[in-house]
Amino acid sequence: MAYSVDINNKKLTLIKGDITQQDTDAIVNAANSSLMGGGGVDGAIHRAGGPKILEECKEIRKNHGICKTGEAVITSGGNLKARYVIHTVGPVWHGGNNNEPELLAKCYKNSLKLAVENNIKTISFPSISTGAYGYSIEKAAPVALNTVMEFLSENDSLTEVVFTLFSSLDYEIYKETLENILSGRNRK
Ligand code: APR
């Protein structure tokens with residue numbers, strides 16, 4: 001399952017799959033502020049990437065402290081196909097009146113900025129905050145897609161952004177959301 005669209009001559013791709021298997025230059029981890037690993041995507045990336053990633057996270061903690069919600073840090077990819085892992089901390093859903101959409105958008109924006117600073121051309125995102133952090137995927141997908149599309153419209157250095165959705169349902173929700181955004185744009 002894959003679906004690609006062209007945004008300002010760059011590719012925005014949706015696929016159903018496991019982000020640890022992606023061979024984009026970077027993959028993004030849905031981390032927590034401690035950067036010490038966890039379950040879900042975080043657990044999968046540390047398991048597949050090996051101890052080097054955690055060692056680099058410990059170095060980041062020593063030099064810069066915790067990673068605040070909405071912020072992003074970068075490590076190597078360890079044993080992964082991806083050369084880099086960008087760790088970002090999504091907002092926990094607390095009902096929608098605690099700046100959740102703005103903080104979620106910051107995760108995508110700061111991850112993309114960090115990718116550009118490191119001359120990364122292709123990057124894969126999971127659906128940040130829509131697992132343990134309780135952000136409904138129907139509410140998160142428009143924020144994620146609009147933020148990435150806006151960045152691709154304004155920035156020329158990336159060539160492809162991939163959303164790697166772990167289930168068919170998540171994939172279908174992102175695909176429908178993306179189609180709605182694009183049809184809305186065409187209507188204007
Ligand atoms: N590849 C792609 N997507 C995945 C994978 C994987 N291997 N594993 C899980 N997912 C999906 C989940 O199905 C969900 O849609 O990633 C999305 C985010 O889920 P979580 O990993 O639970 O991340 P999040 O909701 O941001 O919660 C982060 O969970 O694992 C802990 O340490 C982490 O405390 C942090 C919190």
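In each ligand, atom 1 is the first atom listed, and ligand 1 is the first ligand listed.
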Notebook entry, point to check: Do any nitrogen or oxygen atoms of Ala30 lie less than 3.5 angstrom from nitrogen or oxygen atoms of ligand 1?
Noted result: no

Next item on the list: Mark up the atoms of ligand 1 that fall under 4.0 Å of a heavy atom belonging to Gly38, in ascending order.
Entry: 30 (O), 32 (O)

Next item on the list: Please confirm whether Ile128 comes within less than 3.5 Å of ligand 1 when only nitrogen or oxygen atoms on both sides are compared.
Entry: no

Next item on the list: Determine the minimum heavy-atom distance between Ile15 and Ala2, stating which atoms define it.
Entry: CG2-CB, 3.8 Å

Next item on the list: Answer yes or no for Thr20: is there a heavy-atom contact with ligand 1 below 4.0 Å?
Entry: no

Check: To which protein heavy atom is atom 18 (C) of ligand 1 closest, and what is the distance rounded to 0.1 Å?
Finding: Ser127 O, 3.3 Å

Margin query: Counting only heavy atoms closer than 4.0 Å, does ligand 1 sit against the backbone of Leu165, its side chain, both, or neither?
Written below: neither

Notebook entry, point to check: What is the closest protein heavy atom to atom 15 (O) of ligand 1, and at what distance does it sit?
Noted result: Thr130 OG1, 3.2 Å

Notebook entry, point to check: Is the shortest N/O to N/O distance between Gly39 and ligand 1 below 3.5 Å?
Noted result: yes

Next item on the list: Determine if the distance from atom 12 (C) of ligand 1 to the closest protein heavy atom is below 4.0 Å.
Entry: no

Next item on the list: Consider every N or O of Ala132 and every N or O of ligand 1, then say whether any pair is closer than 3.5 Å.
Entry: yes

Next item on the list: Would you indicate which of Phe166, Trp93, Tyr133 comes nearest to atom 34 (O) of ligand 1 when only heavy atoms are counted?
Entry: Tyr133

Check: What residue and atom, counting heavy atoms only, is the protein's closest point to atom 33 (C) of ligand 1, and at what distance?
Finding: Asp42 OD2, 3.6 Å

Checklist line | Protein contact of atom 7 (N) of ligand 1 - nearest heavy atom, named by residue and atom, plus distance | finding: Asp18 OD1, 3.0 Å

Note to self: Which residue and atom name correspond to the protein heavy atom nearest atom 25 (O) of ligand 1, and how close is it?
What the structure shows: Gly131 N, 2.8 Å

Next item on the list: Just jot down the ligand 1 atoms closer than 4.0 angstrom to any heavy atom of Gly40, in number order.
Entry: 8 (N), 21 (O), 30 (O)

Check: Tell me, which protein residue and heavy-atom name are nearest atom 21 (O) of ligand 1, and how many Å apart are they?
Finding: Val41 N, 2.8 Å

Item checked: Whether over 12 other heavy atoms sit under 6.0 Å from Glu102 CD -> yes

Notebook entry, point to check: What atoms of ligand 1 come within less than 4.0 Å of a heavy atom belonging to Asp170?
Noted result: 15 (O)

Checklist line | For atom 1 (N) of ligand 1, the protein heavy atom that lies nearest, with its residue and separation | finding: Ile19 N, 2.9 Å

Checklist line | Check: Glu138 side chain, Ile173 main-chain N or O, donor-acceptor pair, under 3.5 Å | finding: no

Check: Nearest heavy atom to atom 24 (P) of ligand 1: which of Ser129, Ser167, Gly43 does it belong to?
Finding: Ser129

Check: Is there a donor-acceptor contact under 3.5 Å from the side chain of Asp23 to the main chain of Lys81?
Finding: no

Notebook entry, point to check: Quick check: does Asn32 get an N/O under 3.5 Å from an N/O on ligand 1?
Noted result: yes

